[in-house]
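Below is one structure; the comments refer to it alone.
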Amino acid sequence: MTLTPPLDSESLLLNVTRRLLTLGSAGDLCREGLRFMARELNADVGMLHLAVNDTEFRLVEQVGDHPLLHRHRLQIMEPGWVALLTAGTWISSPVPSPDWTGPDERSYVHLGARHLVNFGLFSGPRLIGTVNLLFNRPRADLNGLRVLGTIGALWGTLLERLETETALRTREAMLRTVTDQGTDLVTVLRPDGTVVYQSRGVPALLGRSAEGMLGRSVLEGIHPDDLACVSRCLAALVATPGGADSLTFRVVHREGRVVWLESHARNLLDEPAVGGLVVHSRDVTAQVAAKRSLERRVQELTLMHATSLQLQEARTVEEIASRVVRLIEVRLGHPFVWLAEQVGDELLMRACDLNREEALRSRGHSLPVSEGLCGAAVRGGVTLLVGDMSQDERYAPIGHEVRSELVTPIRVAGRVWGVLNVESPALNAFDEDDRQALETVAAQTGAALANVLLLADLRDSRDALSGAYERTIEGWARALDFRDRETEGHSQRVTELTVALARRMGVPEAELVHVRRGALLHDIGKMGIPDSILLKPGQLDAHEWQVMQRHPDMARELLEPIEFLRPALDIPHAHHEKWSGGGYPRGLKGEEIPLAARIFAVIDVWDALRHDRPYRPAWDEARARALIEEESGVHFDPQVARAFLSWLAEAGEPADLNALLVVTPGGPGAPEGGLA
């Protein structure tokens, strides 16, 4: 069975999150959650174990079956692996795994598995359970599911919340039986909202006596932000005989704290025995807080995942800083966010929210490390959370009024690189959850910066090494020219012209570096030719010519052991081969000769003819051009010869090829592709 179509990490996270959030009990979360996960990934067997104690986990749900599945009804895990799963570690591994060290009878290979996916269900520091998905076929496509740790955190948080709510509901039912629903509040209202009856639950909920509420408006205790909504709901209910409505809203306890009530009301004005609006309310402050905490946890997990994806795509420090600031600004809704790098004694702003940019620009985009809360975080290397900046003498204002601030250092390779800072105009805007979220983002940012800075160092090292290679090669070429004074300057001239002609003929840019090196070193083999032969003023005899013809093979013997010069061997080893097959050292023919060597051969002969030698003066242009045409198809590749002659025609009379070098590549006269 194959996963078709394949789910990416984002889709899997979204689908599983939607499904888990629809399940209303811990049992449903275990049973339906495992089934949904197994179906999404096409698993053949699925097992969900819940913690019995710190190391024992018992099987509570399964998908699929196998006669030997009973061997895995109890899992015993080492504390170290529990810690890894709680940290969000997950595995996707072939079965049997090369790392497996447990007893043979507990290997999943006995269940027919060929691949295993395993992750933990955790909430904060507590590992609630584990999920194991087995596949009877290799599933290397699952190795990139980076969101399994996020899914495990969400799943575990939901399980813990539902377990807590179940325990709360059980406790509330017991208390209602014992205290005759003393914790709930029953209220009867007149149409104008005046209280005519209040149950015994009011002192616990509102801090007021039931008798003290009689004859007063029920709206008196409503939170100001919810007053309009409750008034509208009350008016609508009065206008609907027999109607019912439900609403969750806030009331203010006599001690000043806020209490959330879930109220269900019915219009019984027409009931003679009641003659009023009956409202049943219960305290849902804990549930609202749990829901908001869960929503915030999902928001933070989504931020962590989005940050990971965004930073993977960033290639510069500026990209990383900008993406992190925008994510925090949008995902967490903080109005003032900025990220700075420590450069000497200054904090240099790398990115900030749009609200703060103008203020920072006016200060030169930098702050002294010796000042402010950010400087203190850098100096101490610790996260600082201040709920009221007016009470902290370290605060250094920048543009907008700030009442609370949270700043955490960013570390790269173990040292403080800079800071990530969020500010708010509200008092006590940040809590420990914000601290944890910001520290996690800072850690992700530091890891991404480490990769980018390492790549930059590697690029600088590569460029420096490449420059050293090129200077060494050019030095060799000059040394050869100095040895043979009659060809002084020849290597540099033929190199530039060869590269230009190769580019005109469509040789890829990535290959031109090897063409250039080969052209510079085309006569490197002559280092092995005795001066008595190389510098002989007259004609060489047969023996001397035989020695001279060995210099291409000497070039190969010299350069082949040097790894970075192997791709440049075509010209030094084959530039004396001829299209007709009459060249040396191997007698190659036609396209057996490498293209770079065919291009160089034309340039080499042209330069030799157009410059003075001890045994003859330089040829004029017409005579040299005629020889190139005459040797096309004999000495030279006809296509290369035509391309070169066309280039000469563009240069005008007399031909100045060096003047044309400035228009390549892509300049006037440069062909759009391929060989001419």
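All values reported here derive from a predicted model rather than from experimental measurement. Residue numbers start at 1 and run along the sequence shown.
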Contact between [X] and [Y] at the side-chain level, heavy atoms closer than 4.5 Å - yes or no?
| X | Y | value |
| --- | --- | --- |
| Val109 | Pro96 | yes |
| Val407 | Thr383 | no |
| Leu148 | Val117 | yes |
| Arg250 | Asp225 | yes |
| Thr130 | Gln75 | yes |
| Leu74 | Phe57 | no |
| Asn118 | Trp81 | yes |
| Leu159 | Ser123 | no |

Stepwise side-chain contact (heavy atoms from CB on, under 4.5 Å) test for Leu21 and Thr17: CA-CA 6 Å; Leu21 289 175; Thr17 299; 3.8 Å; yes
Test side-chain contact (heavy atoms from CB on, under 4.5 Å) applied to Val95 and Leu134, step by step: CA-CA 9 Å; Val95 177; Leu134 306 180; 5.5 Å; no
Side-chain H-bond candidate by donor/acceptor type, Asn421 with Glu423, under 3.5 Å: yes
Between [X] and [Y], which heavy-atom pair has the shortest distance, and what is it?
| X | Y | result |
| --- | --- | --- |
| Ala38 | Val63 | CB-CG1, 4.2 Å |
| Gly120 | Leu127 | CA-CD1, 4.0 Å |
| Trp417 | Val412 | CB-CG2, 3.6 Å |
| Phe430 | Leu385 | O-CD2, 3.9 Å |
| Leu13 | Thr150 | CD1-CG2, 3.8 Å |
| Leu23 | Gly33 | CD1-N, 3.9 Å |

Listed partners of Val16 passing side-chain contact (heavy atoms from CB on, under 4.5 Å), at least two apart: Leu12, Leu20, Phe36, Met37, Ile151
Test side-chain contact (heavy atoms from CB on, under 4.5 Å) applied to Glu61 - qualifying residues, sequence neighbours left out: Cys30, Arg31, Leu34, Leu48
With sequence neighbours excluded, residues passing ring pair (Phe, Tyr, Trp, His ring centres under 6.0 Å) with Tyr108: His72
Inter-residue atom distance Leu50.CG - Leu121.CG, 0.5 Å rounding: 7.5 Å
Asp54, CG: over 12 other non-hydrogen atoms inside 6.0 angstrom: no
His223 and its side chain to side chain contact (heavy atoms under 4.5 Å, CB included) partner, picked from Val258, Leu261, Val259: Val258
Any donor-acceptor pair under 3.5 Å from Thr86 side chain to Val82 backbone: yes
Evaluation steps, side-chain contact (heavy atoms from CB on, under 4.5 Å), between Tyr197 and Val278: CA-CA 9 Å; Tyr197 171 79; Val278 179; over 6 Å; no
Passing candidate, side-chain hydrogen bond (donor to acceptor under 3.5 Å, both in side chains) with His115, options Ser92, Ser93, Ser97: Ser92
Sequence-distant partners of Asp104, side chain to side chain donor-acceptor pair (under 3.5 Å), two or more places apart: His110
Which residues share a side chain to side chain donor-acceptor pair (under 3.5 Å) with Thr248, sequence neighbours left out: none
Aromatic Phe135 / basic Arg139 pairing, under 6.0 angstrom, 45° off normal: yes
Under-4.0 Å salt bridge between Asp245 and Arg266: no
Residue pairs, two or more places apart or on separate chains, that pass salt bridge (Lys or Arg N to Asp or Glu O under 4.0 Å) and touch residues 71-89: none
